[in-house]
Amino acid sequence: MGSFRSALTDSDRAWIAKQKVYFVATAPQGKGGHVNSSPKGYDSLRVLDSNRIVLLDGRGSGCETIAHLRENGRITLMLCAFEGAPRIMRLFGRGAVYEPGSAQFDSLFAEHFADGWRDPGRFKFVRSIIDVQVELIGQSCGFAVPFMDFRAERETLVSHHKGKSEEARMRSRAENNTASIDGIPSFLDGTDSGAALAKRRAASIVNTALPWAGGAALGAVLAMAAVRGAFKWLPA
């Protein structure tokens, strides 16, 4: 049976520290857009206290999590046991994004992630730190989750970014990390947020206008059909 609580216990914190993978879910504001879920590894999660978690965010081909957080702040993390006793934990909260060079990033990185990521080559992979204020913890049984054994982290992404120049990495960011798939700007350094916002406004106008235009056309067709039905004795 599921249960909820408002703060992480010492037992929760110890269990979270043992997990090799977790999932991050975010969504755009309002009814439209696409919900995103991303798997995370690389020993990138740290529990700071009973209601605060930070995660190290790496460079990737998209920016859904960052764009959604900067639009509305909502985030859910999920962890599940692949070994030992079954368990699923969901952490509901609100998150903030800190990029390298900001005071918040520099402080959190130095205290919680520097040991594994201070190497200049490995650091090239790092994009931001996401700081989550946990508002609610949900726990359920997890009996449907299979047993799986951890073998190793995949170093492909880290190795890929080690070999890229700063110019190439920023060009890739501008091309792939400017906005979410729904056009929500990421506001990441090096991206054109103004262009992303203009594109999103244009898409919003089209999405609003098309259903109206389609409805008007359909209404005209139905009206003509009704008139012909009422006066079917008239020649076609």
Side-chain angles (χ1 to χ4, degrees), residues 8 16 19-48 51-80 88-102 104-106 108-109 112-113 116-117 122-138 153-154 156-158 160-161 169-170 172-193 195-197 199-200 203:
L8 293 165
I16 289 171
Q19 306 313 306
K20 302 298 185 182
V21 63
Y22 61 98
F23 303 86
V24 176
T26 56
Q29 187 72 36
K31 297 180 179 179
H34 297 79
V35 177
N36 182 68
S37 179
S38 298
K40 304 289 184 181
Y42 285 139
D43 187 30
S44 58
L45 192 64
R46 300 288 185 272
V47 181
L48 305 194
N51 289 96
R52 189 182 179 196
I53 285 180
V54 293
L55 58 110
L56 196 70
D57 169 60
R59 295 173 182 264
S61 58
C63 59
E64 301 301 301
T65 300
I66 289 175
H68 294 162
L69 285 176
R70 286 184 160 166
E71 185 198 40
N72 60 66
R74 299 175 302 176
I75 187 169
T76 298
L77 282 69
M78 188 189 76
L79 305 96
C80 49
I88 297 173
M89 182 180 291
R90 293 177 178 87
L91 310 173
F92 305 91
R94 304 191 70 80
V97 180
Y98 303 131
E99 294 184 65
S102 66
Q104 299 95 328
F105 176 95
D106 293 345
L108 290 168
F109 182 83
H112 302 288
F113 298 106
W117 294 93
R122 287 180 64 80
F123 186 78
K124 286 184 176 182
F125 171 66
V126 176
R127 180 169 58 182
S128 69
I129 286 176
I130 296 175
D131 190 349
V132 179
Q133 189 68 31
V134 179
E135 299 172 342
L136 183 67
I137 298 100
E153 298 282 5
R154 300 177 191 266
T156 307
L157 278 175
V158 174
H160 171 74
H161 286 285
R169 291 189 297 118
M170 293 309 291
S172 176
R173 170 177 289 191
E175 292 172 355
N176 301 308
N177 285 184
T178 293
S180 74
I181 58 176
D182 296 309
I184 303 169
S186 68
F187 296 106
L188 284 166
D189 289 344
T191 62
D192 188 350
S193 301
L197 285 169
K199 184 177 179 181
R200 181 164 171 76

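For the pair Ser186 (side chain) and Asn177 (backbone), a donor-acceptor distance under 3.5 Å is present. Side-chain atoms of Glu64 come within 3.5 Å of backbone atoms of Ile181 as a donor-acceptor pair (strictly under, hydrogens ignored). Remark: the backbone N or O of Asn51 is paired with a side-chain donor or acceptor of Gln133 at under 3.5 angstrom. A donor-acceptor distance shorter than 3.5 angstrom exists from the side chain of Asp182 to the backbone of His34, with no hydrogens or angles considered. Remark: the backbone N or O of Ala27 is paired with a side-chain donor or acceptor of Asn72 at under 3.5 angstrom. Not a single donor-acceptor pair under 3.5 Å links the side chain of Arg90 to the backbone N or O of Thr76.
Smallest separation of non-hydrogen atoms from Val126 and Arg59: O-NE, 3.8 Å. The two atoms that bring Asp43 and Glu153 nearest to each other are N-OE2, 3.6 Å, heavy atoms only. The nearest pair of heavy atoms linking Pro100 to Phe105 is CA-CD2, 3.5 Å. Residues Leu188 and Cys63 share a closest heavy-atom pair of CD1-CB, 4.5 Å. The two atoms that bring Val24 and Tyr22 nearest to each other are CG2-CE1, 3.7 Å, heavy atoms only. When all heavy atoms are compared, the tightest approach of Gly33 to Pro28 is CA-CG, 3.9 Å.
Using a 4.5 Å heavy-atom cutoff, the side chains of Val54 and Tyr98 are not in contact. At a threshold of 4.5 Å between non-hydrogen side-chain atoms, the residues Leu77 and Val132 count as touching. Using a 4.5 Å heavy-atom threshold, the side chains of Val158 and Tyr42 count as touching. Side-chain contact check for Leu56 versus His112: every heavy-atom pair is 4.5 Å or farther apart.
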Query - Stepwise side chain to side chain contact (heavy atoms under 4.5 Å, CB included) test for His68 and Asn36 - result: CA-CA 9 Å; His68 294 162; Asn36 182 68; 4.0 Å; yes
Requested in this report: Could you walk me through whether Ile129 and Gln104 pass the side chain to side chain contact (heavy atoms under 4.5 Å, CB included) test, one step at a time?
Outcome: CA-CA 9 Å; Ile129 286 176; Gln104 299 95 328; over 6 Å; no
Requested in this report: Tell me, with the steps shown, if Trp117 and Arg122 meet side chain to side chain contact (heavy atoms under 4.5 Å, CB included).
Outcome: CA-CA 6 Å; Trp117 294 93; Arg122 287 180 64 80; 3.5 Å; yes
Requested in this report: Please lay out, stage by stage, how Arg127 and Ile66 fare under the test side chain to side chain contact (heavy atoms under 4.5 Å, CB included).
Outcome: CA-CA 10 Å; Arg127 180 169 58 182; Ile66 289 175; 3.6 Å; yes
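Here the CD1 atom belonging to Ile130 is positioned 5.5 Å from the OG1 atom belonging to Thr65, to the nearest 0.5 angstrom. Between the CD1 atom of Ile16 and the CE atom of Met89 there is a distance of 5.0 Å, given to the nearest 0.5 Å. The distance from the CG atom of Leu91 to the CG atom of Leu79 is 6.0 Å, given to the nearest 0.5 Å. Annotation: the span from Asp131 atom CG to Arg94 atom CZ amounts to 13.0 Å, rounded to 0.5 Å. Taken from CG in Asp57 to CG in Leu69, the straight-line distance is 9.5 Å, to the nearest 0.5 Å. With rounding to the nearest 0.5 angstrom, the OG atom of Ser172 is 6.5 Å from the NE2 atom of His161.
Taking the six-membered ring where the residue is Trp, Phe109 and Phe123 present perpendicular rings, their angle passing 60° and hence far from 30°.
With sequence neighbours left out, the salt bridge (Lys or Arg N to Asp or Glu O under 4.0 Å) criterion links Arg173 to Glu99. Remark: Asp106 engages no residue in a salt bridge (Lys or Arg N to Asp or Glu O under 4.0 Å) (not counting sequence neighbours).
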